[in-house]
Amino acid sequence: MVDTSILPAHFKEQLSLAAPAMSLSDFQQQSEAFYQWLQQSFAAHEVTELVHTRAEYVDLVLKKIWCQQHLDEHQIALMAVGGYGRGELHPYSDIDILILTQKNLSQELQDYIGAFITQLWDIRLDIGHSVRSVKECIKLASKDITIATNLLESRLICGNQALADELWPQLWVKNFWPSEKFFIAKRNEQFKRHQQYKGAAYTLEPNLKANPGALRDIQNISWVAMRHFHADSLYELVQHDYLTLNEFYELMECQDYLWRMRFALHLIAGRSENRLLFDYQGDVARLMGFGEDGKKAIERMMKRFFRVINYVSELNEMLLQHFQQAILNHDVKQPDVDIDKDFMMVGNLIQAKNYRAFVRPEMMLKIFLVIADNPQIKGIHSDTIRLLRNSRRRLISELIDYAECRRLFMALMRHPRGLGRAFNLMYRHEMLGHYLPEWQNIVGQMQFDLFHAYSVDEHSYRLIKNLYRFSLPEHNHEFPLCSKIVQRIRKPELLYIAGIFHDIAKGRGGSHSELGAVDAINFGEMHGLTKHDTKMISWLVKYHLLMSVTAQRRDISDPNVIREFGKIVRDEAHLDYLYCLTVADMRATNESLWNSWKGNLLEELYYATKSALRRGLEKPVEYRAQIKENQQQALMLLNQDEISKDLIKPVWKQFKPDYFLRYSPQQIRWHSKAIFTHDRSSPLVLVSPKPYRGGTEVFIYTKDKENIFATIVAVLGGKKLSIHDAKILTSKDGYTLNTFVVLDSKGHALKDDYHMQDIKDSLTHYLQSKEPVLIVPQPIPLKFRQFNIPTQVSFMPYNNAKMTSMELVALDRPGLLAEIGKVFQEQGLSIHSAKITTFGERAEDMFLISTKDNHALSEQQQMELEQKLCLINKPLAKIKTAAY
């Protein structure tokens with residue numbers, strides 16, 4: 001199977017059929033010794049040798065056990081299929097075998113086969129097996145492309161050669177998966193697999209086998225070549241003029257790197273693991289020789305990985321196109337269509353008219369502008385992909401250095417379809433990095449958290465695509481306000497350029513927003529933009545996080561917060577651009593973390609700021625007038641419920657003015673109506689039947705007592721709810737009016753009536769109970785343990801001198817908020833409001849607090865509170881974490 005074996009002789013001697021029989025414990029001990037040898041050999045040998053050697057070792061083990069179970073005395077054959085059939089096994093890869101039999105099996109033979117498989121499991125081999133006749137194999141394979149592919153890669157390990165010789169010829173007859181049918185099936189299989197990743201190769205925890213551009217894409221090329229050309233190796237594609245020799249070597253280097261990563265991952269995980277989780281990345285980087293310096297080592301490894309999968313994706317696309325033209329050439333050929341003197345359309349693909357098409361650098365950008373001009377173009381022809389690959393590697397400077405390239409780039413940014421398919425292809429074929437040197441620095445740039453789902457360049461690309469999507473009327477229903485703004489503004493290209501630069505300085509150290517803003521100014525000046533447009537782009541880059549931070553971490557019902565935000569925004573034009581950029585940014589960070597709560601917060605902040613700008617920021621809100629207006633509107637609503645002003649006035653008399661400022665007339669009506677008819681001897685718990693800002697509002701009215709906040713958050717946390725907002729008020733007669741906005745585990749408002757009633761019952765029970773809810777520190781979730789986030793507490797001035805604003809940053813985990821509430825209670829503090837924000841593994845919460853007698857915290861009290869809060873996660877941080 002391999003030309004030169006590196007398997008140590010003592011393994012071969014012990015597994016020799018001439019050697020004495022081995023017991024189960026003998027096999028287990030030898031297996032442990034073999035894995036130790038693999039560990040020790042990883043640094044000294046090529047991964048290709050190790051992959052083949054493990055397959056060789058498994059061959060010897062299977063042959064030995066086959067004979068010890070007396071299966072060599074029967075007319076059956078043991079065959080390796082799939083990856084094992086190719087002679088490629090990573091340390092813990094599945095071992096797929098086929099036991100090829102005659103038509104009928106005796107009971108004795110079935111028992112022998114059962115004992116054989118059981119012993120393989122007992123020595124901890126991950127076996128996937130099937131027992132079939134030749135006829136059954138052909139019948140099943142003719143209906144299932146996966147079975148057919150596995151059989152095409154089959155080889156005989158031991159047993160009846162005649163059975164194998166009977167099977168193989170039937171796999172190569174014309175009517176058994178003809179080349180055309182096989183190609184279409186494999187192409188569709190790859191498309192579906194890529195769709196599972198939403199077209200994203202640049203995920204931060206990639207699957208080394210199934211990820212777009214990973215090992216399965218290389219195997220797909222091999223399978224199609226094997227079926228069409230009967231090729232035994234990819235090298236034969238060079239002989240058939242499908243690959244150049246350099247491209248073949250490049251593909252082999254890519255496979256070698258991916259194999260080495262996967263081999264190391266198996267060794268570190270100690271099992272068949274193909275997903276490179278954060279937990280393993282540090283150790284895999286160290287084992288692969290990228291160094292011991294934590295994040296830096298991982299960054300070096302992952303940047304190389306992302307470049308490799310981009311090369312594989314490009315070669316895969318190019319070769320599958322070649323195969324399509326060769327294999328499906330029975331289709332009626334569409335006539336070529338001239339586009340201009342440089343390009344033509346072949347089918348729906350753009351093709352350069354001559355092999356010197358990209359000698360002039362500007363032609364490498366012109367092709368994308370031509371694609372934007374011609375929406376019927378769906379992609380780039382394989383011959384032109386090859387020309388583009390070769391030309392970009394011969395560049396001696398960045399494309400941005402050429403005036404004509406700068407003109408073409410801006411023409412693409414301003415083109416109504418420029419950010420569509422043209423930009424997709426420009427990104428996929430690495431031309432953005434060859435145009436902007438700053439972009440090249442963020443290609444494959446890691447983001448070490450559970451909040452971001454993609455590398456920096458992939459995230460930025462997705463943000464730009466979100467912005468472009470807002471410009472398309474067919475998507476107006478998705479984000480109506482964003483669509484309305486983008487389709488109205490005169491220069492959407494400013495948004496697109498801001499999207500390109502918003503994270504372009506990540507990884508350099510310092511503030512990426514400020515550094516990126518400087519880059520944006522340089523870009524604007526270099527591309528002849530007006531000073532106004534250049535400043536707009538630079539401002540958007542500098543403040544691209546402002547709106548999301550304000551909406552998620554500040555009380556946007558507070559007019560002072562709106563006024564502070566408005567002072568930075570300055571006018572409606574900046575607000576429009578910033579709002580669209582923020583929505584696109586948050587959506588591109590991690591789709592699974594976006595929810596209607598965040599969307600509603602941003603929209604509310606947008607409209608509140610717009611109103612303040614139109615009113616004039618120098619004209620603050622008249623609080624008394626606002627209170628009076630809210631009360632009047634609430635009374636009108638209550639009149640509809642046949643509750644008069646005289647009946648409700650005694651209830652409102654106990655409410656402090658803050659209540660009427662912080663709640664809308666609709667909320668005041670909802671609360672007042674329930675309080676009016678409620679028996680105050682027990683807690684009142686309301687759960688909003690309709691979403692509030694995209695979440696569910698839980699309102700609690702009860703006699704104030706110790707530990708109420710901690711009790712409520714503990715109960716809500718126990719119901720698997722995430723708390724995003726809290727308003728804590730106390731009435732004049734000693735009742736609390738607490739509101740919590742919650743989402744379910746999927747980030748949605750509650751819909752199930754039973755769930756809502758369960759929350760009401762549980763809160764009522766625990767608020768009535770004399771015993772507080774037992775708050776037991778919860779263990780840190782496994783996926784968070786590799787992150788080292790020390791608890792940080794910061795105090796900031798607040799416009800109300802009787803209150804203190806406090807920010808807490810900590811490693812998130814179940815029960816964290818309840819423990820924070822417990823600390824506040826122990827320190828004798830009152831909570832007035834809370835904004836709860838979670839970014840993956842990181843909790844960033846804002847609290848407005850005071851002493852029990854309504855004073856701001858002194859410096860001594862702040863110091864004591866900080867010390868207590870910083871102890872919360874310490875007892876749970878004993879587990880060793882990775883060095884990042």
Side-chain angles (χ1 to χ4, degrees), residues 244 246-247 250 306-307 310-318 321-322 336-346 348-415 417-444 457 460-461 464-465 468 493 496-497 500-501 504 523 526-528:
T244 66
N246 285 340
E247 288 166 348
E250 181 182 333
F306 288 130
R307 285 191 167 90
N310 192 68
Y311 297 152
V312 172
S313 293
E314 205 166 39
L315 288 168
N316 173 277
E317 179 187 359
M318 190 175 78
Q321 264 195 50
H322 277 315
D336 299 345
V337 178
D338 267 5
I339 297 174
D340 60 20
K341 63 183 178 63
D342 300 304
F343 300 103
M344 62 184 178
M345 197 160 64
V346 178
N348 57 10
L349 302 175
I350 187 170
Q351 183 173 14
K353 287 185 174 180
N354 66 79
Y355 72 95
R356 293 177 59 80
F358 299 116
V359 168
R360 289 179 294 147
E362 65 268 20
M363 297 301 293
M364 300 172 75
L365 284 180
K366 181 189 173 183
I367 186 173
F368 300 105
L369 197 58
V370 171
I371 292 169
D373 282 335
N374 296 272
Q376 64 272 36
I377 295 174
K378 305 302 181 186
I380 303 175
H381 192 278
S382 53
D383 292 340
T384 306
I385 291 175
R386 176 172 283 147
L387 291 176
L388 196 59
R389 282 167 54 83
N390 294 337
S391 297
R392 76 183 183 216
R393 293 178 182 189
R394 288 197 294 265
L395 283 172
I396 57 175
S397 61
E398 285 81 15
L399 294 173
I400 197 172
D401 293 338
Y402 301 92
E404 181 60 12
C405 288
R406 295 196 293 272
R407 185 192 69 78
L408 289 167
F409 186 83
M410 286 308 302
L412 191 67
M413 291 293 104
R414 293 174 175 131
H415 196 289
R417 289 187 300 272
L419 277 295
R421 181 172 283 110
F423 187 75
N424 297 353
L425 293 168
M426 188 175 181
Y427 172 69
R428 190 190 308 167
H429 293 289
E430 296 189 348
M431 295 313 301
L432 199 55
H434 282 83
Y435 183 76
L436 283 172
E438 297 91 348
W439 183 275
Q440 194 64 39
N441 294 331
I442 61 168
V443 172
D457 58 322
S460 299
Y461 164 75
I464 297 158
K465 295 303 295 183
Y468 175 67
E493 68 270 17
Y496 304 146
I497 297 168
I500 289 172
F501 281 93
I504 209 162
F523 176 91
M526 197 171 186
H527 288 75

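- Listed by chain and number, the residues in a side chain to side chain donor-acceptor pair (under 3.5 Å) with Arg407 are Glu404 (sequence neighbours excluded).
- Not counting sequence neighbours, the partners of Arg360 by the salt bridge (charged side-chain N to carboxylate O under 4.0 Å, His left out) test are Glu362.
- Legend: residues meeting salt bridge (charged side-chain N to carboxylate O under 4.0 Å, His left out) with Arg414, ordered by chain and number and at least two apart, are Glu493.
- Using a 4.5 Å heavy-atom threshold, the side chains of Ile367 and Thr384 count as touching.
- The nearest pair of heavy atoms linking Ser460 to Trp439 is CB-CH2, 3.6 Å.
- In this structure, Leu432 CG and Leu425 CG are separated by 12.5 Å, a value rounded to the nearest 0.5 Å.
- Asp336 places no side-chain N or O within donor-acceptor distance of the main-chain N or O of Val346, the cut-off being under 3.5 Å.
- To the nearest 0.5 Å, the span separating CE on Met318 from CG on Asp383 amounts to 9.0 Å.
- Considering only residues two or more places apart in sequence or on other chains, Asn316 meets the side chain to side chain donor-acceptor pair (under 3.5 Å) condition with Gln190.
- With sequence neighbours left out, Arg393 forms a side chain to side chain donor-acceptor pair (under 3.5 Å) with Glu250.
- Taking NZ of Lys465 as the reference point, atom CG of Leu419 lies at 6.5 Å (rounded to 0.5 Å).
- Among residues two or more places apart in sequence or in another chain, the ring-ring contact (aromatic ring centres under 6.0 Å, His included) test is passed with His322 by Tyr242.
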CA sep, side-chain torsions, deciding dist, call: Asn390, Phe358, side-chain contact (heavy atoms from CB on, under 4.5 Å): CA-CA 9 Å; Asn390 294 337; Phe358 299 116; over 6 Å; no

Stepwise side-chain contact (heavy atoms from CB on, under 4.5 Å) check, Met426 with Ile371: CA-CA 10 Å; Met426 188 175 181; Ile371 292 169; over 6 Å; no

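- In this structure, Asn424 CG and Ile464 CD1 are separated by 10.5 Å, a value rounded to the nearest 0.5 Å.
- Partners of Ala372 according to the side-chain contact (heavy atoms from CB on, under 4.5 Å) rule, which considers only residues two or more places apart in sequence or in another chain, are Leu412, His415, Ala422.
- Among residues two or more places apart in sequence or in another chain, the salt bridge (charged side-chain N to carboxylate O under 4.0 Å, His left out) test is passed with Arg428 by Glu317.
- Listed by chain and residue number, Asp340, Asp342 satisfy the salt bridge (charged side-chain N to carboxylate O under 4.0 Å, His left out) test with Lys366 (two or more places apart in sequence, or in another chain).
- Contact of the Ile500 side chain with the Met413 side chain is registered, since non-hydrogen atoms from C-beta on lie closer than 4.5 Å.
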Please test His429 against Glu314 for side-chain hydrogen bond (donor to acceptor under 3.5 Å, both in side chains), starting from the C-alpha separation and ending with a verdict. CA-CA 7 Å; His429 293 289; Glu314 205 166 39; 2.7 Å; yes

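- Once rounded to the nearest 0.5 Å, the distance linking CE of Met431 with SG of Cys405 reads 8.5 Å.
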Val337 and Gln376: side-chain contact (heavy atoms from CB on, under 4.5 Å), yes or no, with the steps? CA-CA 11 Å; Val337 178; Gln376 64 272 36; over 6 Å; no

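- Listed for the Gln321 side chain is a donor-acceptor partner under 3.5 Å among the backbone atoms of Ser382.
- In this structure, CD1 in Ile350 is found 4.0 Å from CD1 in Ile377, a value given to the nearest 0.5 Å.
- Across all their heavy atoms, His527 and Met410 have their closest contact at CD2-CG, 3.8 Å.
- The shortest heavy-atom contact between Gly444 and Asp457 is N-OD1, 3.1 Å.
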Before you tell me yes or no, could you show the steps for Tyr468 and Arg417 under side-chain contact (heavy atoms from CB on, under 4.5 Å), namely the whole-Å CA-CA distance, both residues' side-chain angles and the distance that decides it to 0.1 Å? CA-CA 9 Å; Tyr468 175 67; Arg417 289 187 300 272; 4.2 Å; yes

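- Residues passing the side chain to side chain donor-acceptor pair (under 3.5 Å) test with Lys378, sequence neighbours excluded: none.
- For Pro437, the side-chain contact (heavy atoms from CB on, under 4.5 Å) test picks out Glu398, Ile400, with sequence neighbours left out.
- Applying the ring-ring contact (aromatic ring centres under 6.0 Å, His included) criterion to Tyr427, with sequence neighbours excluded, gives Tyr461.
- A parallel orientation is assigned to the rings of Tyr435 and Phe409, their planes being inclined by less than 30° (bins at 30° and 60°).
- Counting heavy atoms from C-beta outward, Phe368 and Leu408 have side chains that stay 4.5 Å or more apart.
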